[in-house]
Amino acid sequence: MRVTKGQGMRRRSFLKAAAVAGLASTAGGRAVLAQPAETVAAFPKGFLWGVSTSSYQIEGAVNADGRGPSVWDTFSHAYGKVVNGDTGDVACDHYNRYAEDVELMARAGMRAYRFSVAWPRVQPTGMGAPNAKGLDFYDRLTDALLAKGIEPWPCLFHWDLPQALQDKGGWTNRDIASWFADYAQIMAGRIGDRAKHWCMLNEPSVVAIFGHGYGSHAPGMTGKANYFKAIHHQNLAQGTALKALRAAGGGKGWQLGTVLSLQPVWPVGGLDANYPASLMWDALWNRACLDPLLKGGYPELLANDFAPSVKPGDLETIKQPIDFLGLNYYSRMHQQPDPGGLFGTGYGSPPEGTRRTGMDWPFEPDGLAEILSELQEEYDNPPVYVMENGADYPDTIGPQGKVEDGDRIAFIRDHLLSARKALDEGSNLKGWFVWTLLDNFEWAEGYRRHFGLVQVDRQTMKRTPKASYYWYADVIRKNGVPTSV
Ligand code: GCO
């Protein structure tokens, strides 16, 4: 539309006034209306920006190069356990396409990659001589990352326990502490000259609750006794491995830590009647792993239940110093009594009007600041990395071949802004790993859930970066978060 003379005059006088007010520039004599300055919440210098994945969810190649079966191979192939009968047999074929995925991380400027090592690739039966070809894969991956200036952050266990160990009781067998420590030393011995940050476990409470209490995850065990054994023996295995790696790692500059799922637990409706249910779930989900590690003892509420598994010296073994704590945060949890439930406490609804993600999880970014503040005030403010935060939303490729996932951008942005607030209050937050790089095998939900910054075509394995991938790359470039999408 041509500007008429009258309008031209008005426009010029407006722009002149705007220039005076600093809202426009008069570059080259032509007044241009300045775009409103984007406000960016800056993060500390050196803040580490990365991404997380896990072996069973992305690697595929489950029978390649000597890999043994894991409990998730068994579970996903059992009828009715996973939506649509999906399995991790192919997943994202990361085992063969890792170089392409490393390139995706590099192009976004990511500085660190938390991946998990498939124990059954390294020791097909979970013990004994390592499988050279399995080790070779993680060697190749480590070198590919370093070649792109990306720090490898291996996680030793992200749920894919060797089936052969499960056949001996798995996490309900106390001997697993030494099996895990042996495996940890094999792995660190192979890539520890280049990988300096080691996560022992990923979400032991989730493994115990869903995999050993409810049976809705692998290995599908049930009952309170199995939950308590699985928690204690994961805590014990973690401490045993930390001790072993500390002893072996002198001078290698290793930073050792672990990854916990920590989510504030509220009573539904804030009702007193629901408060005991929230306290119990907080103990089962958060404190059962956090307290023995950082405080040297189980939560009072559960001490009697753990007593049969705890042997003299166990709590000292578990309370090992860590160099960092990995925190997986997705939402708060809202609990109410569940008289018929295994633990007498069950999920309830968040406050009216709470936003939801694609899989109906509450969208509560303030809960992250709540957890970070609790770690700061109650747990001596350990160095923390958010190791997982992201959201499932149904993604479709648009007409121009793009995936516009504004919901996912808003989710990550709002959580980053919550973390920024916690930093202002003194949180010792050091970095952020988005969950996750690729749409992948979402456990019992199969492939119908999409958490990735990058879409994966299930037929062709083609990777398509989403709008959130480019948005996150911009965050990394700016070391700061735009305060609006
Ligand atoms: C977890 C696991 C991830 C999940 C992610 C989305 O936290 O459950 O670490 O493997 O895929 O959290 O549920």
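Both ligands and their constituent atoms are indexed starting at 1 by order of listing.
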Taking [atom] as the reference point, the nearest protein heavy atom with its distance:
atom	result
atom 3 (C) of ligand 1	E388 OE1, 3.5 Å
atom 11 (O) of ligand 1	E442 OE1, 2.6 Å
atom 10 (O) of ligand 1	Q57 OE1, 2.7 Å

(message) Check whether S52 reaches the backbone of M387 with its side chain - one donor and one acceptor, N or O, closer than 3.5 Å.
(response) yes
(message) Tell me if a side-chain donor or acceptor on E364 pairs with a main-chain N or O of R332 at a distance below 3.5 Å.
(response) yes
(request) Evaluate the criterion side-chain hydrogen bond (donor to acceptor under 3.5 Å, both in side chains) for residue pair H212 and Q234; output intermediate values, then yes/no. (result) CA-CA 12 Å; H212 297 77; Q234 287 182 93; 5.6 Å; no
Against ligand 1, does [X] come closer than 4.0 Å with any heavy atom?
X	value
E445	no
V206	no
W361	yes

(request) Give yes if a backbone or side-chain nitrogen or oxygen of S54 is under 3.5 Å from a nitrogen or oxygen of ligand 1, and no if not. (result)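 S54 vs ligand 1: no N/O contact under 3.5 Å.
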(message) Does ligand 1 come near enough to E203 that some N or O of the ligand is less than 3.5 Å from an N or O of the residue?
(response) yes
(request) Apply side-chain hydrogen bond (donor to acceptor under 3.5 Å, both in side chains) to the pair S55 and S116, showing each step before the final yes or no. (result) CA-CA 5 Å; S55 43; S116 79; 2.8 Å; yes
(request) For the pair F324 and Y385, name the ring-plane relationship: parallel under 30°, tilted 30 to 60°, perpendicular over 60°. (result)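 Because their plane-to-plane angle is over 60°, the rings of F324 and Y385 count as perpendicular.
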(request) Could you see which bit of H158 sits under 4.0 Å from ligand 1, with heavy atoms only: side chain, backbone, both or neither? (result) side chain
(request) Using a 4.0 Å heavy-atom threshold (strictly under), name the region of D392 that reaches ligand 1: side chain, backbone, both or neither. (result)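 No part of D392 is near ligand 1 at this cut-off.
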(message) Regarding atom 5 (C) of ligand 1: of the candidates F210, F451, W159, Y330, which has the closest heavy atom?
(response) Y330
(request) Please name the pair of heavy atoms, one in Y393 and one in R356, separated by the smallest distance, quoted to 0.1 Å. (result)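 Taking Y393 first and R356 second, the nearest heavy atoms are OH-O, 3.7 Å.
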(request) Give me the one residue out of Y227, F157, W159 that meets ring-ring contact (aromatic ring centres under 6.0 Å, His included) with W171. (result) F157
(message) Under the criterion side-chain hydrogen bond (donor to acceptor under 3.5 Å, both in side chains), I'd like the reasoning laid out for T357 against Y330: C-alpha separation, chi angles, the key distance, then a yes or no.
(response) CA-CA 10 Å; T357 69; Y330 290 92; over 6 Å; no
